[in-house]
K.L.:
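Just passing along the structure, written as structure tokens.
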Amino acid sequence: LSLPRQLSLGADGMLYQQPAPELTALRSSHRHFRGTVHPGDTNPLAGIQGQALEILVELNSSGAESVALDVAAAPDGSEVTTVRYSRVARRLSIDRSRSNVEPDAPHDLRSIPLVVGSQEVLRLHLFLDASTLEVYAHGQVLTSRIYPRAASTGVAFSVSGGSVGGTLDVWTLDSIW
């Protein structure tokens, strides 16, 4: 299962995907952060929780070696799914190694190549709906099932290998029903 998508053909002949603009109608409460995040800083998204979230990350891409967004994090740390962009490896990944405590569920790393120029803005657009996570980035998309427990609702943002400036926006999403 996935969200409705808007498809387009780029000048380079590649198929590009974006979330359908109509999804903005599901947005509810909103939190905004603008500033610079340094390695080891306090989580700028502290206190944000939810099973149905839309997260938009826009960062200058020349600062940190990698940026990470943790979603569906358990209060005791037993579960967390990490979305990471590595500027060095030029990859976008979803790390499901600790997404849930179920032994039969997937616990792997899924990734795609993603090259973001040093003068470009890194734009990650995430949708979390209980056990489904979709990450849109520069026309590409990674979709994954993560199966967290109901109490795993925490969100965190961090950087490594340098500082990065930009904005983080988080909306809770209303049900379509």
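The shown structure was predicted, so the numbers you read here are calculated from the model rather than taken from an experiment.
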K.L.:
Is a donor on one side and an acceptor on the other found under 3.5 Å between the side chain of E79 and the backbone of V101?
P.N.:
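Present.
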K.L.:
For a quick test of reading the model, state the closest non-hydrogen atom pair linking R145 to S131 and the distance between them.
P.N.:
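Looking at all heavy atoms of both residues, the closest pair is NH2-OG, 2.8 Å.
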K.L.:
Under 3.5 Å, is there a donor-acceptor pair between the side chain of H125 and the main chain of V135?
P.N.:
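Here the side-chain-to-backbone pair does not exist.
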K.L.:
Show your working on side chain to side chain donor-acceptor pair (under 3.5 Å) between D95 and S97 and close with a plain yes or no.
P.N.:
CA-CA 6 Å; D95 183 350; S97 62; 2.7 Å; yes
K.L.:
Counting only heavy atoms not in R149 (residues, nucleotides, ligands), do more than 12 fall under 6.0 Å from its CZ?
P.N.:
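Yes.
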K.L.:
Going only through I, L, V, M, F, W and Y residues with side-chain contacts under 4.5 Å, is there a path from V80 to F127?
P.N.:
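Not linked; separate clusters.
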K.L.:
Specify the closest pair of heavy atoms between A89 and S86, including all atoms of both residues, with the distance to one decimal.
P.N.:
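Closest approach of A89 to S86: N-OG, 2.9 Å.
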K.L.:
Find the distance between CG (L126) and CG (L133) and round it off to the nearest 0.5 Å.
P.N.:
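Result: 5.5 Å between the selected atoms.
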K.L.:
Carefully, step by step, assess L124 and L69 under the rule side chain to side chain contact (heavy atoms under 4.5 Å, CB included).
P.N.:
CA-CA 10 Å; L124 304 176; L69 187 64; 6.0 Å; no
K.L.:
Closest approach of A137 and L114, non-hydrogen atoms and distance?
P.N.:
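Heavy atoms only, the tightest pair is CB-CD2, 3.7 Å.
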K.L.:
Consider only side-chain heavy atoms of I, L, V, M, F, W and Y, link residues closer than 4.5 Å, and tell whether F157 and L56 are in one cluster.
P.N.:
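No; L56 is not reachable from F157 via cluster members.
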K.L.:
Ignoring hydrogens and geometry, is there a side-chain-to-backbone donor-acceptor pair from R96 to T82 under 3.5 Å?
P.N.:
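No: the side chain of R96 does not pair with the backbone of T82.
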K.L.:
Quick one, H138 and R123 - any side-chain contact, counting heavy atoms below 4.5 Å?
P.N.:
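A side-chain contact exists here, since the closest heavy-atom pair is under 4.5 Å.
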K.L.:
Any non-hydrogen side-chain atom of P19 less than 4.5 Å from a side-chain atom of Q6?
P.N.:
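No, every pair of side-chain atoms sits at 4.5 Å or beyond.
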K.L.:
Let me know which of S163, S158, S160 forms a side chain to side chain contact (heavy atoms under 4.5 Å, CB included) with P39.
P.N.:
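Considering S163, S158, S160, a side chain to side chain contact (heavy atoms under 4.5 Å, CB included) with P39 is found only for S163.
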K.L.:
Hey, any chance Y136 and Y16 share a hydrophobic cluster, counting ILVMFWY side chains that come within less than 4.5 Å of each other, even indirectly?
P.N.:
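No: no chain of side-chain contacts under 4.5 Å links Y136 to Y16.
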K.L.:
Are the side chain of R110 and the backbone of T143 linked by a donor-acceptor contact shorter than 3.5 Å?
P.N.:
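Judged by distance alone, yes, a pair lies under 3.5 Å.
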K.L.:
Name the one of N43, L53, D70 that satisfies side chain to side chain contact (heavy atoms under 4.5 Å, CB included) with V155?
P.N.:
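That would be L53.
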K.L.:
Evaluate the side chain to side chain donor-acceptor pair (under 3.5 Å) criterion for residues T81 and S99: first the C-alpha distance (whole Å), next the side-chain angles of each, then the deciding distance (0.1 Å), finally the verdict.
P.N.:
CA-CA 5 Å; T81 299; S99 290; 2.6 Å; yes
K.L.:
With hydrophobic residues grouped by side-chain heavy-atom distances under 4.5 Å, do W171 and L45 end up in a single group?
P.N.:
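W171 does not cluster with L45.
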K.L.:
Within the structure provided, determine whether T36 and V164 are in side-chain contact (heavy-atom separation under 4.5 Å).
P.N.:
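No. Closest side-chain heavy atoms not under 4.5 Å.
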K.L.:
Is any side-chain heavy atom of R5 closer than 4.5 Å to one of V141?
P.N.:
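When only atoms from C-beta onward are counted, R5 and V141 do touch, with a gap below 4.5 Å.
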K.L.:
Are I146 and I55 co-members of a hydrophobic cluster defined by side-chain heavy atoms under 4.5 Å apart?
P.N.:
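Yes: a chain of side-chain contacts under 4.5 Å links I55 to I146.
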K.L.:
Looking at S29, is its backbone amide N or carbonyl O close enough to the side chain of T172 to form a donor-acceptor pair, meaning the two atoms are under 3.5 Å apart?
P.N.:
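At least one qualifying donor-acceptor pair exists.
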K.L.:
So which heavy atom on G162 is nearest to which on A64, and how close?
P.N.:
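Where G162 meets A64 most closely, the heavy atoms are O-CB, 3.3 Å.
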K.L.:
Between R91 and R84, is any pair of side-chain heavy atoms under 4.5 Å apart?
P.N.:
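Contact flag for R91/R84 side chains = no.
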K.L.:
Keeping the roles fixed (side chain from R31, backbone from L168), state whether a donor-acceptor pair exists under 3.5 Å.
P.N.:
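Such a contact is absent between R31 side chain and L168 backbone.
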K.L.:
Mark yes or no for whether Q140, through its side chain, and I112, through its backbone, hold a donor-acceptor pair below 3.5 Å.
P.N.:
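Such a contact is absent between Q140 side chain and I112 backbone.
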K.L.:
I'd like to know whether R87 forms a side chain to side chain contact (heavy atoms under 4.5 Å, CB included) with V116, so could you lay out the CA-CA distance, the side-chain angles of the two residues, the decisive distance to 0.1 Å, and finally the verdict.
P.N.:
CA-CA 8 Å; R87 184 170 51 90; V116 180; over 6 Å; no
K.L.:
Check whether any side-chain heavy atom of E54 sits under 4.5 Å from a side-chain heavy atom of R27, and report yes or no.
P.N.:
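Heavy-atom side-chain distance check passes, below 4.5 Å.
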K.L.:
Is the backbone N or O of N100 less than 3.5 Å from a side-chain atom of H107, with the two atoms forming a donor-acceptor pair by type?
P.N.:
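Answer holds: yes.
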K.L.:
So V57 and L122, do their side chains get closer than 4.5 Å, heavy atoms only?
P.N.:
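Side-chain contact under 4.5 Å: no.
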K.L.:
Testing the basics here: between L3 and E134, what is the closest heavy-atom pair and its distance to 0.1 Å?
P.N.:
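Heavy atoms of L3 and E134 come nearest at N-OE2, 2.7 Å.
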K.L.:
Are F33 and T167 packed together at the side-chain level, in the sense that at least one heavy-atom pair is separated by less than 4.5 angstrom?
P.N.:
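F33 does not reach T167 side chain to side chain.
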